[in-house]
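By convention in this document, chain letters (A, B, ...) are assigned in the order of the sequence lines, proteins followed by strands, and residues within each chain are numbered from 1. Reckoned from all heavy atoms, side chains included, excluding hydrogens, waters and symmetry mates. Here the structure is a predicted model, which is why all the values come from computation and not from measurement.
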2 protein chains.
Amino acid sequence: MMNLNSRPGRIGTPCLACPLRMKPAFEDKTDDEIRFIQAMKTDHRSLKAGSDIISPDQESAELYTLFSGWAFRYKSLPDGRRQILNFLLPGDIVGLQASLLAAAQHGIEALTDVELCVFPRKRIWDLFVRMPNLAYELAWLGSREESMIDDNLTSVGQRNASERIAALVITLYRRADALGLVSDGSFDFPLSQQQLADALGLSLVHTSKTWSKLRKAGLFTISGGRLTLLNPRLTARMAAVYEQSKAPRPLI
Amino acid sequence: MMNLNSRPGRIGTPCLACPLRMKPAFEDKTDDEIRFIQAMKTDHRSLKAGSDIISPDQESAELYTLFSGWAFRYKSLPDGRRQILNFLLPGDIVGLQASLLAAAQHGIEALTDVELCVFPRKRIWDLFVRMPNLAYELAWLGSREESMIDDNLTSVGQRNASERIAALVITLYRRADALGLVSDGSFDFPLSQQQLADALGLSLVHTSKTWSKLRKAGLFTISGGRLTLLNPRLTARMAAVYEQSKAPRPLI
DNA sequence: CGGCTATTTGACGATTATCAAAATTAGTGG
DNA sequence: CCACTAATTTTGATAATCGTCAAATAGCCG
């Protein structure tokens, strides 16, 4: 499923004018910092939906920032069962764990067509030496990802099927909203039910039944790959999720 | 349940002679690095089993290294359900996520009596500026923790009750073994069945039944708070867990 | 319009949860 | 050290949730 459609022509796209960085979801950076990031970036890569970004057991992975599209991290058992660990949206760091630990313990796959900013693994060390503030923010982003996995683990371990779906929907909604991807309560929702099931720790059939039960209950509708959240309040209450911080976060 | 039994007298215990650091589980550090760590350490604190190390929703947490004893991270839902996210053993970093994200999204509780090396939050920044290698290792330790949570999520999402227990037992066995805490296949196992259940995402009753089923199947025995792993091979196979790296890791 | 994949539905079975109570263990004070 | 209480663990019975199997329907792409 590899599809390395590199477009070196876009390497030159100035990070100073990065449209993602303009969004209010992200913290401001100094020009110095942005220039450093730009110098660290060696490629701007496009991959088709379904491609491996990092394959399981890959050694020495590159580090990426997801520029556009969705991806997910997953872990497989020897017999084929698969757990989706978390979803990645634009601005998220991709492959930090794999870069630091040297041997990836998981795979990362493009959920939609994606564009990635590529940072070679070797330069991460440079970043720690020369840009402690960026290093700190990298660690911050790592902790943020861990926090999201904590939430998923709590969901899968403690919530029932309906609650898990409600929690996933409201969480993705909020994340999409922070990126300005929500309009009129609806946003692109590219997950198949198999992927939903793998993320929720449920069977495909049970996911389908619960999914349609919640639609019939009026929580949300889905059509044309877009999800419309009709009742955010009820959805959040059903999921028993807490508010999340809306403060801007670092973008590297 | 707070029990802040500070023992400033031990602050002076030289990190250069730290008995934990001597263990082969940990990487060697330069004297410079160790001296920096020592300077950063402001206290050596003892807490009773059951104490909060970091309470849920606590802001501005300190950073610790677990010097002795066990602890666990957990997350609660509003109605009281609780998920134990991971267990902490000597040498593990405690509260990194809470320190970086400013507002803890989880609680950390002492499972046994513990001793902690205390590092004030403010000095983490110093560490990033002055000791990039230590900063890198801090990030590395964060990624290692995330990797362990990935495993737990995969367990809870994909494995059945027996497999989950087998996976937890073999994983804790290996971690204890790496620290030299295993002798004749047995090690201290301080978890109550309620804690087991909360970690596995199972009910207390089902945990008890499955637990005793595996004992009767000859995987392990337990007595006097010590667990003896009788059949590591079978346990690992039942859990379908992969090998873990046995390379030394950083200790901060 | 086919042929493929994804989703939905129904029937049934297995796993896990809940309830209640007994048995065991741990903790406390005399 | 014993007696008593409280907490933890175990067991049995029953119910709910979720998984599996199989087939039908719907959606998608050439």
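Distance alone, capped at 3.5 Å, places no donor-acceptor pair between the A/Gln193 side chain and the A/Leu204 backbone. Side-chain N or O atoms of A/Arg81 include none that pairs as donor or acceptor with a backbone N or O of A/Asp198 at under 3.5 Å. A/Ser51 places no side-chain N or O within donor-acceptor distance of the main-chain N or O of A/Leu47, the cut-off being under 3.5 Å. B/Glu115 places no side-chain N or O within 3.5 Å of a backbone atom of B/Ser46 that could act as its donor or acceptor partner. Under a 3.5 Å cut-off, the side chain of B/Arg144 and the backbone N or O of A/Gln97 do not form any donor-acceptor pair. Of the possible polar contacts, none joining the B/Ser55 side chain to the B/Asp52 backbone as a donor-acceptor pair under 3.5 Å is found. The backbone N or O of B/Gly107 sits nowhere less than 3.5 Å from a side-chain atom of B/Glu109 that would complete a donor-acceptor pair. Of the possible polar contacts, one joining the B/Thr207 side chain to the B/Ser203 backbone as a donor-acceptor pair under 3.5 Å is found.
Between its two ends, the helix from C/dC1-D/dG30 to C/dG30-D/dC1 turns its axis by 50°, counting five pairs per end and rounding to 10 degrees.
In summary, contact between chain B and DNA chain C, defined as any nucleotide atom under 4.0 Å from a heavy atom of the protein, begins and ends at C/dT16 to C/dC19 in the 5' to 3' direction.
Taking the charged nitrogens against the carboxylate oxygens, B/Asp184 and B/Arg226 have no contact shorter than 4.0 Å, which rules out a salt bridge. Residues B/Asp79 and A/Arg159 are not paired through a salt bridge, judged by the lack of any N-O separation under 4.0 Å between the basic side chain and the carboxylate.
Rounded to an integer number of Å, the gap from CG of A/Asp79 to P of D/dG19 is 15 Å.
B/Met238 places a side-chain heavy atom less than 4.5 Å from the side chain of B/Leu219.
Counting only residues at least two apart or in different chains, salt bridge (Lys or Arg N to Asp or Glu O under 4.0 Å) contacts with residues 61-75 of chain A comprise A/Arg45-A/Glu62, A/Arg73-A/Glu145, A/Arg73-B/Glu146, A/Arg73-B/Asp150, A/Lys75-B/Asp151.
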Would you sort out whether B/Phe67 and B/His44 count as a ring pair (Phe, Tyr, Trp, His ring centres under 6.0 Å), showing the intermediate values?
CA-CA 9 Å; B/Phe67 178 78; B/His44 190 96; 4.9 Å; yes
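Taken residue by residue, residues 158-165 of chain A places heavy atoms nearer than 4.0 Å to DNA chain D at A/Asn160, A/Ala161. Using a 4.0 Å cutoff on non-hydrogen atoms, the parts of residues 185-204 of chain A near DNA chain D are A/Gly201, A/Leu202, A/Ser203, ordered by number.
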Contact list (N/O, under 3.5 angstrom) for nucleotides 25-29 of chain D vs protein:
none

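Aromatic ring pairs are classed by plane angle as parallel below 30°, tilted from 30° to 60° and perpendicular above 60°; the pair A/Phe189 and A/Trp211 is parallel.
Looking at A/Lys209, its side chain has no donor and acceptor atom pair within 3.5 Å of the base of D/dG19.
Mapping A/His206 and B/Trp211 onto DNA chain D by nearest heavy atom places B/Trp211 at the nucleotide closer to the 5' end.
Across all non-hydrogen atoms, the minimal contact from A/Leu200 to A/Arg164 is O-NH1, 2.7 Å.
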